[in-house]
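First the structure, in the form of structure tokens, and then the observations on it.
In this text the structure is predicted, and so the values were computed from the model without any measurement.
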Amino acid sequence: MSNSLLIQNVDLDEVCAEITARVVKAIEPMLSDSLKRPKSRDEMAEWLGIGVATLDRMTREGKTPSFLLNRRRVYIPELTIEALTRNKGEKLS
């Protein structure tokens, strides 16, 4: 069989999802605890490289999860990454 025949019978989204899952599984042991440590709005916006207003809008729209911790909104980077990769086709800002 030629490569083109194999590619024609493959869903590229499934291939990308499988590659992503395998990469994440392979690097999980190397990920630091900082991905699990809650970040403030300012820290999360800086970490993502976006403005706080954009992060607030994404939160209101349900694009990124957040939690209230003693009246303070916090984000878990690991959960944010998961949410954003699920919505990979959407414009963030």
Subject >> side chain to side chain contact (heavy atoms under 4.5 Å, CB included) partners for I19, two or more places apart >> reply: V15, V23
**OP:** Kindly give the heavy-atom pair with the smallest separation between R73 and S66, and that separation in Å.
**Re:** NH1-OG, 2.6 Å
**OP:** Please identify each residue that fulfils side chain to side chain donor-acceptor pair (under 3.5 Å) with E18, with sequence neighbours left out.
**Re:** R22
Subject >> Qualifying residues under side chain to side chain contact (heavy atoms under 4.5 Å, CB included), relative to L79, sequence neighbours excluded >> reply: P65, F67, I76, E82
Original post:
When hydrophobic residues are tied together by side-chain contacts of less than 4.5 Å, even through go-betweens, does V52 share a cluster with W47?
Top reply: no
**OP:** Please name the pair of heavy atoms, one in K39 and one in P77, separated by the smallest distance, quoted to 0.1 Å.
**Re:** CE-CG, 3.5 Å
**OP:** Apply salt bridge (Lys or Arg N to Asp or Glu O under 4.0 Å) to E46 and list each qualifying residue two or more places apart in sequence or on a separate chain.
**Re:** none
Original post:
By the rule that ILVMFWY residues connect when side-chain heavy atoms come within less than 4.5 angstrom, directly or transitively, which residues belong alongside L68?
Top reply: none
Subject >> Partners passing side chain to side chain contact (heavy atoms under 4.5 Å, CB included) against T64 (at least two apart in sequence or in another chain) >> reply: L55, M58, T59, Y75, T80
Original post:
Partners of N70 by side chain to side chain contact (heavy atoms under 4.5 Å, CB included), sequence neighbours excluded?
Top reply: none
Original post:
Got a second to check how far R86's CZ is from L84's CG, nearest 0.5 Å?
Top reply: 9.0 Å
Subject >> Atom of P38, atom of E43 and distance for their closest heavy-atom approach >> reply: O-OE1, 4.3 Å
**OP:** Kindly write out the residues that satisfy salt bridge (Lys or Arg N to Asp or Glu O under 4.0 Å) with R41, not counting sequence neighbours, or none if the list is empty.
**Re:** D56
